[in-house]
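Start at 1 and go down the list; that is how both ligands and their atoms are numbered. Nothing fancy with the numbering, it's 1 onward along the sequence. Please read these numbers as outputs of a predicted model, since none were measured by experiment. Computed from heavy atoms alone, side chains included, the values below leave out hydrogens, waters and symmetry copies.
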Amino acid sequence: MNSSEIREKFLKFFESKGHSIVRSSSLIPGNDPTLLFTNSGMVQFKDVFLGQDKRNYTRATTAQRSVRAGGKHNDLENVGYTARHHTFFEMLGNFSFGDYFKRDAINYAWELLTVTYGLPKEKLTVTVYQEDDEAYNIWKDEIGVPAERIIRIGDNKGARYASDNFWQMADTGPCGPCSEIFYDHGAEIFGGPPGSPDENGDRFIEVWNLVFMQFNKDEQGVLHPLPKPCVDTGMGLERIAAVLQHVHSNYEIDTFQALIKAAARETGCADLNNNSLKVIADHIRCAGFLIVDGIIPGNEGRGYVLRRITRRALRHGHKLGQTKPFFFKLVADLVKEMGVAYPELAEAGERVAQVLKQEEERFGETLEHGMKILEAALAKDSKNLDGNTAFTLYDTYGFPLDLTADICRERNVVLDEAGFDAAMANQKQMARAAGKFKMNTAIEYNGEKSKFVGYEQLSYDSKVI
Ligand code: ATP
Ligand code: MG
Ligand code: MG
Ligand code: MG
């Protein structure tokens, strides 16, 4: 079953259960300052859950383009390191707005997985929220999952690597206990079941999260019950495609293989297993769709995330020996793979390529120079990179700090982030002093305004993963 068929089967299944098929919304959340990007299917329905918006349906199903490269859900640092994380992915979901609740949500998910998709039941393990006896009993008594494959999990608030069965869209907003379904890819792969010390291996992979949306969390962290309990589910298309295509890693599925081959063609890399190709394939999807939705590379906010992702991809191309613009050429391949499911991508294709080409031309030369400076610093000390060099790379050569950190991580080099922060603060102070000397008020205002918005975004992103 190819990815398109899997997507189609999902939507049709839920349509047959009375759900309206709703189109994916933009990656830029409409009117929601709490969120950098649409990170899941529920985002376009947030106000419906809160009871502030009404639709002419109470059941919906979507394939939602999602980005997790900033804010509460950020998987940028996982790309290239795990088999299951992307910055951009498609989330298949079904939603109930005060209509059905836990029982039907669980029954639908089980029927789709084991009947429509035909997965063997014994390969599936489920989790429920610690105190959720209701969900536990449905799984055990109604669905018949053996007790040893139903695991109770608490809320590991904010833990980077731990199952967490209390789902939140962001620090505030709709949330609730959830129940997740994991697929066991086999004993030959490292990893343990959810909740075990080895849960972050890639053996048991979470494919589907069923969220029982019950609360609205306010800024003080107080949970207010929603007008009506709702259901919000999310299944990563790439993860279920890996299962159904009998491969382990998401990067082995049809869509990714096509993009990896295209990246190999454009970089001249002969080894299709090269990690850099995976990163490039991931990043062209993310960068491409962000531009489709109106973002352009810039120095702050969303534009800076796009810039960071694009520059990371270019650095991986450089690592493979490609010093000329190449990334923009992958847009045509992306359109070929995803343009039917997302006509807005097909329409915007040329513009997307143009924007990327410009960014490549802008960064191309400084990338080359910056890499030389970095290599020279590492030739002197192969274990540490000092903050001043990282700052020079950032300030003069356009290396976002996370790009430098990515290189350091690859080579087991310790990056002096505190030194980078100090160099940044120092430069800011000098700029201020110079500004005051020349033209007091106007310059100060400028100084405040450009006070590292990009940098704050960067440090937020690179630390909150
Ligand atoms: P994980 O624990 O693997 O990081 P998650 O618990 O953060 O996943 P959810 O927020 O529950 O994920 O999202 C619902 C579903 O979306 C997941 O079950 C998974 O199938 C998919 N998904 C989440 N993050 C990613 C990602 N970065 N890349 C691809 N698919 C993802
Ligand atoms: Mg996650
Ligand atoms: Mg999880
Ligand atoms: Mg989850």
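Within the 4.5 Å cutoff, the side chain of D232 has no heavy atoms near those of the F45 side chain.
With rounding to the nearest 0.5 angstrom, the CG atom of L356 is 9.0 Å from the CG atom of L330.
Under 4.0 angstrom from ligand 1, the non-hydrogen atoms of H85 come from both its backbone and its side chain. Residue-level proximity to ligand 1 for W167 is carried by the side chain, the only part with a heavy atom below 4.0 angstrom.
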Begin with the C-alpha distance, continue with both residues' side-chain angles, and end with the deciding distance and a verdict on side-chain contact (heavy atoms from CB on, under 4.5 Å) for D202 and H185.
-> CA-CA 8 Å; D202 277 328; H185 278 267; over 6 Å; no
Could you give me the CA-CA distance, side-chain angles and deciding distance for H283 and V279, then say whether side-chain contact (heavy atoms from CB on, under 4.5 Å) is met?
-> CA-CA 6 Å; H283 288 7; V279 177; 3.5 Å; yes
Before giving the answer on side-chain contact (heavy atoms from CB on, under 4.5 Å), spell out for L92 and T62 the whole-Å C-alpha distance, their side-chain angles and the decisive distance to 0.1 Å.
-> CA-CA 6 Å; L92 304 168; T62 61; over 6 Å; no
Between N165 and T127, is a side-chain hydrogen bond (donor to acceptor under 3.5 Å, both in side chains) present by the stated rule, with each step listed?
-> CA-CA 8 Å; N165 277 41; T127 63; 2.9 Å; yes
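Shown in contact with E180 at under 4.0 Å from a heavy atom are these atoms of ligand 1, numbered in order with element: 6 (O), 11 (O). When each atom of ligand 1 is checked for a heavy atom of M91 under 4.0 Å away, the hits are 13 (O), 14 (C), 16 (O).
Comparing G236, S40, C178, A69 by heavy-atom distance to atom 21 (C) of ligand 1, the nearest is G236. Nearest to atom 12 (O) of ligand 1 by heavy-atom distance, out of R68, E238, R84, M235, is R68. When the options Q168, H86, E199, E206 are ranked by their closest heavy atom to atom 18 (O) of ligand 1, first place goes to E206.
Checked against a 3.5 angstrom limit, the closest N/O atoms of N250 and ligand 1 fall outside it. For the pair V207 and ligand 1, the shortest N or O to N or O distance falls below 3.5 Å.
As for E206, its N/O/S atom nearest the Mg ion (ligand 3) is the one called OE1. Note on E180: its N/O/S atom closest to the Mg ion (ligand 4) is OE2.
More than 12 heavy atoms of other residues, nucleotides or ligands shown are found within 6.0 angstrom of CZ on R55.
Note: Y129 and F166 have tilted aromatic rings, judged against thresholds of 30 and 60 degrees for the angle between ring planes.
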